[in-house]
Each structure stands twice: as C-alpha cells, then as structure tokens.
Q: 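Supplied in structure tokens, the structure appears directly below.
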Amino acid sequence: MLTFQIEHFETIPSTNTELKKRAAAGASEGLCLIAAEQTAGRGRYDRTWVSPPGEGLYLSVLLRPNVAVEHLPLTALLGAVTVVRALHRMSEGRPALSLDIKWPNDVLLNGKKVCGILTEAGFAEGKLSYLVLGVGINLFQQTFPPGLMFPPTSLKLEAPDLPVTKEAVSHAFLAELETVYGVFVQTPQQVTKEWEQLSSYATGKTVQINTGKHIVAGITQGLRADGALLVRLPSGQVEPVTAGDVLPPEAG
Ligand code: BTN
C-alpha cells in the first residue's frame with residue numbers, strides 16, 4: 001500500500017528536482033512535495049513550466065515500483081489517468097467535465113491543456129531505482145505566457161463553479177494515485193487499457209506528432225503494450241511512436 005508523507009514549500013526551484021535529490025539519498029516511496037510556487041519549474045523536453053505563486057498545483061511524488069523496465073513508459077500514462085480520475089471525483093454531482101488525454105500525458109479540459117506531467121526515473125545497476133511523478137495542474141490562471149505549443153487553460157477558466165482549492169485537488173489526486181498505482185504494480189496493462197478508454201487520441205484520431213526527428217502524420221490505432229502510440233501512415237504502414245509531442249490540430 002502506498003502511504004504519503006507530504007512536505008509543503010512556499011517556494012522552491014522545482015519539486016521534481018528536489019525530489020530526485022531526496023530519492024537519490026534514499027527517501028521512501030510516497031514522499032510527496034507540494035509547492036505554492038516554483039521558480040525553476042520544468043516541463044518535458046527541458047521546457048520551462050511557469051509556476052506563479054498560488055496559481056497552480058505543483059506536486060511531485062516518489063515511487064519505487066518493482067516493475068520490469070519495459071513497463072516504465074506506462075508510468076507516464078498512469079499519471080494522466082490519475083489526474084482525470086481525480087478531476088472527475090472533484091466534479092461528482094455536477095455537470096461532467098469534458099476531460100481528455102493527449103498522448104502521452106497531457107490532460108485536456110474542453111480541448112485545452114489543463115495539466116502537464118513530467119516523470120523522471122533514476123537507475124542503479126541497470127534496474128529502476130526510483131521514479132519521480134511530477135504533476136502541474138493549472139488551477140486559477142487567467143492568463144498564460146505567450147508561445148506555448150498547445151493552447152492552455154485552467155480549472156478556473158473552464159469550470160468557474162467548481163469549488164477548487166490546491167488542497168482539494170492534491171487530496172483527490174493522491175487518493176486516486178493510491179488506487180491506480182496499486183493496479184499498475186499488479187497489472188500494468190490495465191492502466192494502458194484505462195488510458196485508451198479516457199483518451200480520444202487512442203484510436204481513429206488524425207494526428208501530427210513531432211518526434212524531435214521528424215513529423216509522423218496519420219491516424220491513431222491504439223497503444224502498443226509498452227505505451228507507444230500506433231499511427232497508421234498514409235502508406236498503410238503502422239508506426240509505433242515512443243516519444244514526441246502531438247501537435248495542435250491547426251499546426252502544419
Ligand atoms: C509538461 O507538460 O511539459 C510537464 C510539466 C510538469 C510540471 C510539474 S509541476 C511539478 C513538477 N515539478 C516540476 O519542475 N515539473 C513538474
């Protein structure tokens with residue numbers, strides 16, 4: 001069972017960076033760092049995650065799953081599934097939120113990015129030593145820095161009547177994480193299945209993906225067992241994409 005030890009910070013460079021240091025120094029699974037502000041918040045591909053005080057949830061959790069290395073990419077999917085479950089839990093009894101997951105782990109609300117996830121792993125002797133699951137959820141932002149790759153939003157902008165607090169969202173997230181992580185360590189493929197149910201990007205979506213090397217354009221065909229997104233190219237060939245950014249519909 002996963003139990004959490006939570007530490008709060010008024011300000012910190014990055015909860016992920018701090019938690020990686022703690023993990024390397026032997027911290028226990030379940031250590032969770034939550035900050036009101038990050039001065040050097042990090043996103044995927046060395047991007048900056050702008051983290052103004054009190055505007056978002058900036059949270060990192062230390063996990064030490066005993067899973068095969070080939071199942072590691074699934075931990076990115078696990079984070080997104082957990083966030084979607086948490087936001088559904090928060091909106092119970094109200095009109096359903098229109099949530100989606102853009103591969104691999106951006107959570108969208110009304111088609112705009114409301115949450116980003118950065119998972120970072122540490123290895124020792126060829127085995128996974130730790131996994132830091134870092135989650136940034138936009139809570140109260142009304143404006144965003146220019147130049148973001150995908151249109152951003154916040155819970156406040158999309159669901160102004162939802163009683164959102166940093167505490168309520170972090171509580172819902174950690175409660176769902178306990179469940180989803182429990183499933184993941186027993187049956188990693190179950191998380192892949194749930195991801196496919198929650199994401200409109202899983203099957204039949206026309207996408208363009210920037211892999212960093214080239215653009216893959218085609219129609220999605222579900223996930224491979226390791227979490228790679230299968231894309232049917234115009235030639236009919238199916239290409240597994242293991243990393244990259246799905247571009248917004250109007251791009252290219
Ligand atoms: C992305 O979409 O590029 C991922 C963003 C992840 C941001 C979170 S905020 C908490 C944790 N600490 C960080 O420095 N980054 C992650």
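All values reported here derive from a predicted model rather than from experimental measurement. Both counts, for ligands and for their atoms, begin at 1 and track the order of listing. We use all heavy atoms of the structure for the numbers below, so side chains are in, but hydrogens, waters and symmetry mates are not.
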Q: For Asp106, counting its heavy atoms only, list the atoms of ligand 1 lying under 4.0 Å from any of them.
A: 2 (O)

Q: Under 3.5 Å, is there a donor on one side chain and an acceptor on the other for Thr15 and Gln38?
A: yes

Q: Which of the numbered atoms in ligand 1 are under 4.0 angstrom from any heavy atom belonging to Gly43?
A: 1 (C), 3 (O), 4 (C), 5 (C)

Q: Quick one: look up the protein heavy atom nearest atom 5 (C) of ligand 1 and list residue, atom name and how far away it is.
A: Trp49 CE3, 3.3 Å

Q: Would you mind running through ligand 1 and noting each atom that sits below 4.0 Å from a heavy atom of Lys113?
A: 1 (C), 2 (O)

Q: Heavy atoms, side chains only, cut-off 4.5 Å: are Thr211 and Val216 in contact?
A: yes

Q: Go through ligand 1 atom by atom and flag the ones less than 4.0 Å from a non-hydrogen atom of Ser14.
A: 12 (N), 13 (C), 14 (O)

Q: Provide, to 0.1 Å, the distance between atom 10 (C) of ligand 1 and the closest protein heavy atom, together with that atom's residue and name.
A: Thr15 OG1, 3.3 Å

Q: Any side-chain heavy atom of Val83 within less than 4.5 Å of one from Ile117?
A: yes

Q: Return the option from Glu18, Gln38, Glu120 holding the heavy atom at the smallest distance from atom 9 (S) of ligand 1.
A: Gln38

Q: Which residues end up grouped with Leu31 if you chain together Ile, Leu, Val, Met, Phe, Trp and Tyr wherever their side-chain heavy atoms are less than 4.5 Å apart?
A: Phe9, Ile12, Leu19, Leu33, Leu62, Tyr130, Val132

Q: For atom 4 (C) of ligand 1, grab the closest protein heavy atom and report residue, atom and distance to one decimal in Å.
A: Ile117 N, 3.4 Å

Q: Going by the order shown, which atoms of ligand 1 are within less than 4.0 Å of some heavy atom of Gly41?
A: 14 (O)

Q: For a side chain to side chain contact (heavy atoms under 4.5 Å, CB included) with Val191, tell me which candidate from Val180, Val185, Leu74 qualifies.
A: Val180

Q: Please determine whether side-chain contact (heavy atoms from CB on, under 4.5 Å) holds for the pair Ile137 and Leu59, giving the CA-CA distance in whole Å, both sets of side-chain angles, and the decisive distance to 0.1 Å.
A: CA-CA 9 Å; Ile137 302 182; Leu59 174 155; over 6 Å; no

Q: Which residue owns the protein heavy atom closest to atom 1 (C) of ligand 1, what's the atom, and how far is it?
A: Arg44 N, 3.6 Å

Q: Got a sec: does the NZ of Lys156 have more than 12 other heavy atoms crowding it under 6.0 Å?
A: no

Q: Hey, does the side chain of Trp195 reach the backbone of Trp103 with a donor-acceptor pair shorter than 3.5 angstrom?
A: no

Q: Taking Tyr58 for the side chain and Pro53 for the main chain, is one N or O donor matched with an acceptor at less than 3.5 Å?
A: no

Q: Which of the atoms in ligand 1, numbered in the order shown and given with their element, are less than 4.0 Å from a heavy-atom of Leu59?
A: 10 (C)

Q: State if Arg47 counts as touching ligand 1 under the rule of any non-hydrogen atom under 4.0 Å.
A: no

Q: Can you figure out which of Arg42, Lys102, Lys20 has its heavy atom closest to atom 16 (C) of ligand 1?
A: Arg42

